[in-house]
Amino acid sequence: MTQTTRVLTLNIGSSSLKAALYEISPAHDDPQLVFAAHAERLGDARGHMSVQDTQGQTLFTTERGLSDHPTALQTLLDWLRQQPHEREFDLVGHRVVFGGQQYREPQLITDDLVAALEDLSHFDPLHMPQALSVIAYMRRAYPRIAQVACFDTAFHRSMPQEARLYGLPYTLADAGVIRYGFHGLSCESILLQLRAIDQAAAEGRVIIAHLGAGASMTAAHNGVSLDTTMGFTPTGGLVMGTRSGDLDPEIVLYLLEERKLDAMALRRLFTTEAGMLGVSGVSGDMRDLLEQSATNPRAGAAVTLFCYQARKYLGALAAALGGVQTLVFTGGIGERAVEVRQRICAGLDFLGVRVDTARNAANAAIISVEGSPVMIRVMPSDEDRMIARHTHRLMQAGKAGHT
């Protein structure tokens, strides 16, 4: 590619869709944002979409109900087609949550890859069907444009065996029942940004707390993942907005045998009815819970549970690392919930984790006490930029391989 390349990125959540257009010049592969789009509450009457430019100015918005991911995507593409010629794109990069044991690196999307991903869908029915529906839609709409799958699990393929195994017969591990880890593109983004700020810190002992509706924490050393809280699926680990997090397996048997729940009801319970929503009975959104915690004991209990589990897992990951030098908060909660950051770090002086209350309240980039052993940072994750970078690099490498 000898001219500026435009990459459209598509990042599919269980009820959301993020998209962005990037330009990448021939001189370097640092993607430059043109616009970003976000659709949320898909399938809900409140489903909506907005598109902003690099200055945060709204270019397009719709408040009408968006029934599903393809509808949201169609709405975005309809808007795109009405824009000036420079909004066209040359490549498409997709976030694919689950890559199984097969895919350690981004892959060009082909019929064979789609078939393989369809076989993997049962591992993650919360995300994979939506991602595959969007991939199918884009391949039909733009058959001449190369498209690339970027896997959230790929970053965690560096985890050692002891961090990947469950205490189950090894035949199940051979069949793929292992801990995969997720939020890998977010972790890559944080480490890339950290490397630009402080190379030594990025190579040191880092814990990344990606806290949002989906929440996980990852321990990294020398720029690679050593352990993470999510496991076989994105439902494991920390308690989340509507996901249960880790459970005693006997709970599943009790619900099957005594409460007579079937597999579909169990999946719905663990992924959409549990977590902070289940505990509070009112919301899985941390903003709502913080507002109501003073007057609603169950809302307060949900916030306390989230902070307690995050603090406990932070300690466990510090043990796995042999200490921690940098703690990074990212994700919607991690970046904006001042009280949650404060409560997670409370009582961790023995690890060297000390929050400067004033800096934290100001949402400063560094919120640790000056001179404390652990640097605590608040950083925005940019998964979409990582998707654009991976997509461009793969296609550049492919072109070089054919010259």
Side-chain angles (χ1 to χ4, degrees), residues 13 16 40 182-183 186-187 189-190 206-219 228-230 234-246 274-318 324 326-369 372 374-383:
S16 66
E40 58 184 351
F182 299 86
H183 287 147
S186 174
C187 293
S189 169
I190 292 299
V206 183
I207 294 178
I208 301 167
H210 180 115
L211 308 180
S216 72
M217 303 178 85
T218 294
T228 191
T229 56
M230 284 179 172
T235 305
L238 299 168
V239 66
M240 303 174 225
T242 65
R243 298 178 221 167
S244 65
D246 285 346
M276 291 188 289
L277 171 62
V279 173
S280 71
V282 292
S283 177
D285 190 307
M286 183 61 78
R287 293 166 294 187
D288 298 336
L289 297 173
L290 289 171
E291 287 177 3
Q292 299 180 39
S293 59
T295 57
N296 183 334
R298 286 178 58 186
V303 175
T304 299
L305 175 63
F306 181 87
C307 295
Y308 170 75
Q309 286 203 357
R311 184 166 61 251
K312 182 173 71 171
Y313 274 108
L314 198 161
L317 291 176
V324 55
T326 305
L327 168 62
V328 179
F329 285 101
T330 190
I333 296 172
E335 293 169 38
R336 292 185 283 276
V338 171
E339 180 181 342
V340 172
R341 293 195 301 257
Q342 190 82 36
R343 291 175 65 174
I344 289 172
C345 294
L348 294 180
D349 281 17
F350 71 97
L351 285 177
V353 175
R354 299 166 191 159
V355 173
D356 183 306
T357 303
R359 287 179 173 180
N360 186 41
N363 279 309
I366 297 173
I367 62 170
S368 46
V369 172
S372 60
V374 177
M375 178 80 75
I376 309 173
R377 294 182 177 272
V378 179
M379 300 175 68
S381 176
D382 198 343
E383 295 171 325

When every non-hydrogen atom of S283 is compared with those of D288, the smallest separation belongs to OG-OD2, 2.8 Å
Between H210 and S186, the two heavy atoms sitting closest are ND1-OG, 2.7 Å
Check whether [X] reaches the backbone of [Y] with its side chain - one donor and one acceptor, N or O, closer than 3.5 Å.
| X | Y | answer |
| --- | --- | --- |
| D356 | I367 | no |
| S189 | D382 | yes |
| R341 | G334 | yes |
| S293 | L290 | yes |
| T228 | M217 | yes |
| R359 | V369 | no |
| Q292 | A299 | no |

Among I208, I207, L327, which one satisfies side chain to side chain contact (heavy atoms under 4.5 Å, CB included) with L317? I207
Kindly compute the distance separating [atom1] ([X]) from [atom2] ([Y]), expressed to the nearest 0.5 Å.
| X | Y | atom1 | atom2 | answer |
| --- | --- | --- | --- | --- |
| T242 | L277 | OG1 | CG | 7.0 Å |
| C187 | E383 | SG | CD | 9.0 Å |
| T218 | F182 | OG1 | CZ | 11.5 Å |
| N296 | L289 | CG | CG | 8.5 Å |
| S244 | L238 | OG | CG | 11.5 Å |
| I344 | Y313 | CD1 | OH | 13.5 Å |

Sub-4.5 Å side-chain heavy-atom contact between [X] and [Y]:
| X | Y | value |
| --- | --- | --- |
| F306 | I333 | yes |
| R343 | V303 | yes |
| V282 | R298 | no |
| L351 | L314 | yes |
| M286 | V340 | yes |

Tell me yes or no: between the side chains of S381 and T330, is some donor less than 3.5 Å from an acceptor? no
side-chain contact (heavy atoms from CB on, under 4.5 Å) assessment of I376 paired with V355: CA-CA 8 Å; I376 309 173; V355 173; 3.8 Å; yes
For the pair L348 and R311, evaluate side-chain contact (heavy atoms from CB on, under 4.5 Å) and give the outcome as yes or no after the intermediate values. CA-CA 8 Å; L348 294 180; R311 184 166 61 251; 3.8 Å; yes
I'd like to check the side chain to side chain contact (heavy atoms under 4.5 Å, CB included) partners of M240; sequence neighbours left out, ordered by chain and number. A215, M230, R243
